Amino acid sequence: MTKSKLGLLAGGPSCIAHRSKLPTKLTVRNAKPDDYLGIRKIINSKNNRDSFGFLPKVVVDDAVKHQDAEGEKSQHRIRVVEDAEGRIVAFLRAYHRQDGATTLHEIGVAEDMQSSGIGSFLLTELIAASRKRGMEKVGLKTPVGMRSNGYYPRFGFKQVGTYTGRKRVLNCYELTL
Ligand SMILES: CC(C)(COP(=O)(O)OP(=O)(O)OC[C@H]1O[C@@H](n2cnc3c(N)ncnc32)[C@H](O)[C@@H]1OP(=O)(O)O)[C@@H](O)C(=O)NCCC(=O)NCCS
């Protein structure tokens with residue numbers, strides 16, 4: 001399927017890939033505590049594993065708790081996409097910091113659902129929500145050499161440096177809002 005059929009919008013010279021609709025039969029909602037197993041399945045699948053660090057249940061529970069209690073004002077954002085059978089096929093976790101920067105901690109799509117626009121939908125949603133609450137930028141880190149390095153520039157993210165973690169080197173990207 002071509003990108004135009006999927007509804008990806010070409011936007012100027014860098015082909016910024018904003019996407020405002022999910023593929024049919026998929027829905028997006030705030031995460032619930034029970035979603036942890038579905039999220040973990042995405043993270044731990046064979047080909048996704050190397051892209052993620054460890055995501056403990058307590059971190060997901062904390063984000064869900066704050067988001068539920070504080071609604072739109074919450075600094076935590078944890079969203080899931082589910083299919084018609086209730087299977088979690090994608091998730092995104094982010095944090096709106098006090099200093100005006102939103103941090104994208106993880107974004108993941110089930111392997112059999114990748115490249116159908118779901119990640120673009122979640123990222124577009126995050127960028128819009130960050131703008132709406134007056135954030136100045138969105139930042140993220142992704143491991144050097146991974147395919148995802150080609151993904152973020154499509155949304156206007158620019159590489160701003162590298163970060164040497166305990167296990168590997170990560171590229172740092174920022175989108176100015
Ligand atoms: C990266 C990811 C979130 C993108 O979401 P998606 O719904 O698959 O992607 P979209 O349909 O919105 O856009 C397609 C683009 O995603 C990227 N992409 C697709 N599969 C990917 C994968 N397994 N790993 C990294 N990037 C991928 C490609 O740039 C692709 O463009 P192309 O088809 O022209 O090559 C998703 O593929 C994923 O979860 N990948 C594995 C985990 C990962 O890399 N997470 C990010 C860590 S920072």
Side-chain angles (χ1 to χ4, degrees), residues 1-29 31 35-56 59-60 63 77-83 87-95 101-130 137-175:
M1 196 182 281
T2 64
K3 287 192 174 83
S4 59
K5 279 189 190 147
L6 285 166
L8 297 176
L9 302 175
S14 57
C15 288
I16 292 179
H18 295 295
R19 185 183 162 93
S20 57
K21 275 194 186 149
L22 277 170
T24 49
K25 300 199 175 156
L26 298 181
T27 50
V28 64
R29 59 168 171 77
D35 295 330
Y36 180 69
L37 283 182
I39 291 172
R40 210 176 59 176
K41 263 191 190 164
I42 293 172
I43 289 178
N44 285 342
S45 70
K46 189 167 172 277
N47 296 321
N48 280 356
R49 183 59 261 167
D50 284 348
S51 302
F52 295 101
F54 178 56
L55 178 57
V59 171
V60 170
R77 181 178 184 88
I78 180 158
R79 301 278 278 165
V80 295
V81 174
E82 66 181 353
D83 69 11
R87 172 192 168 216
I88 304 300
V89 298
F91 78 101
L92 174 150
R93 185 174 71 94
Y95 187 75
T102 296
T103 302
L104 172 57
H105 287 293
E106 296 96 15
I107 180 169
V109 177
E111 287 182 26
D112 60 324
M113 301 294 280
Q114 288 174 0
S115 283
S116 50
I118 303 169
S120 297
F121 174 86
L122 286 172
L123 198 46
T124 302
E125 228 200 18
L126 175 69
I127 293 167
S130 302
K137 59 186 179 184
V138 181
L140 63 93
K141 297 187 183 77
T142 200
V144 166
M146 302 294 282
R147 190 175 161 202
S148 50
N149 284 279
Y151 185 59
Y152 301 108
R154 297 178 180 193
F155 297 83
F157 283 85
K158 304 247 181 315
Q159 194 186 335
V160 292
T162 55
Y163 171 83
T164 305
R166 263 190 318 131
K167 292 192 179 151
R168 54 190 172 175
V169 181
L170 306 168
N171 283 329
C172 308
Y173 289 89
E174 276 184 10
L175 172 70

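Keep in mind the model is a prediction, meaning the values are calculated, not measured. Atoms within a ligand are numbered from 1 in the order they appear, just like the ligands themselves. Any value given below was found using the heavy atoms of this structure, including those in side chains, with hydrogens, waters and symmetry copies removed. Just so you know, residue 1 is the first one in the sequence shown, and it goes up from there.
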Using heavy-atom distances only, which candidate in Ile107, Leu123, Leu122 approaches atom 45 (N) of ligand 1 most closely?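 Of the listed residues, Ile107 has the closest heavy atom.
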
Which is closest to atom 14 (C) of ligand 1 in terms of heavy atoms, Ser115, Pro143, Gly117?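 Looking at heavy atoms only, Ser115 sits closest to atom 14 (C) of ligand 1.
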
Under a 4.0 angstrom heavy-atom cut-off, which atoms of ligand 1 come close to [X]?
X: Phe52; answer: 42 (C), 45 (N)
X: Tyr152; answer: 46 (C), 47 (C), 48 (S)
X: Ser51; answer: 42 (C), 43 (C), 44 (O), 47 (C)
X: Ser120; answer: 10 (P), 12 (O), 13 (O)
X: Gly108; answer: 39 (O)

Is the closest N or O pair between [X] and ligand 1 shorter than 3.5 Å?
X: Lys141; value: no
X: Gly119; value: yes
X: Thr142; value: no

Spatial distance of atom CG (Leu26) from atom OG1 (Thr24) [nearest 0.5 Å]: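 Reported to 0.5 Å precision, the distance equals 7.0 Å.
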
Distance, nearest 0.5 Å, that separates CD1 of Ile107 from CZ of Arg93: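 Those atoms lie 13.0 Å apart.
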
Aromatic plane relationship, His105 with Tyr95 - under 30° parallel, 30 to 60° tilted, over 60° perpendicular: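 Tilted: the ring planes of Tyr95 and His105 meet at 30° to 60°.
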
Can a non-hydrogen atom of [X] be found less than 4.0 Å from any atom of ligand 1?
X: Met113; answer: no
X: Tyr173; answer: no
X: Gly150; answer: no

Check the pair Arg40 / Val60 against side-chain contact (heavy atoms from CB on, under 4.5 Å), numbers first and verdict last. CA-CA 10 Å; Arg40 210 176 59 176; Val60 170; over 6 Å; no

May I ask you to say whether Asp50 pairs ionically with Arg168, meaning some side-chain N is under 4.0 Å from a carboxylate O?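 A salt bridge is absent here (no side-chain N lies under 4.0 Å from a carboxylate O).
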
Only counting residues at least two apart or in another chain, list the ones meeting ring-ring contact (aromatic ring centres under 6.0 Å, His included) with Phe157.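 Partners of Phe157 by the ring-ring contact (aromatic ring centres under 6.0 Å, His included) criterion, ordered by chain and then number, come out as Tyr152.
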
Under 4.0 Å from ligand 1, counting heavy atoms only, is it the side chain of Asn48, its backbone, both or neither?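 Under 4.0 Å from ligand 1, Asn48 contributes side-chain atoms alone.
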
Taking all non-hydrogen atoms of both residues, which atom of Glu111 and which atom of Asn47 are closest, and how far apart?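 Result for this residue pair: OE2-N, 2.7 Å.
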
Are Leu122 and Arg79 close enough that some pair of their side-chain heavy atoms sits under 4.5 Å apart?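 A side-chain contact under 4.5 Å exists here.
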
Which residues pass the side chain to side chain contact (heavy atoms under 4.5 Å, CB included) test with Thr27, not counting sequence neighbours?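 Testing Thr27 for side chain to side chain contact (heavy atoms under 4.5 Å, CB included), a comparison that skips the adjacent residues, returns Glu82.
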
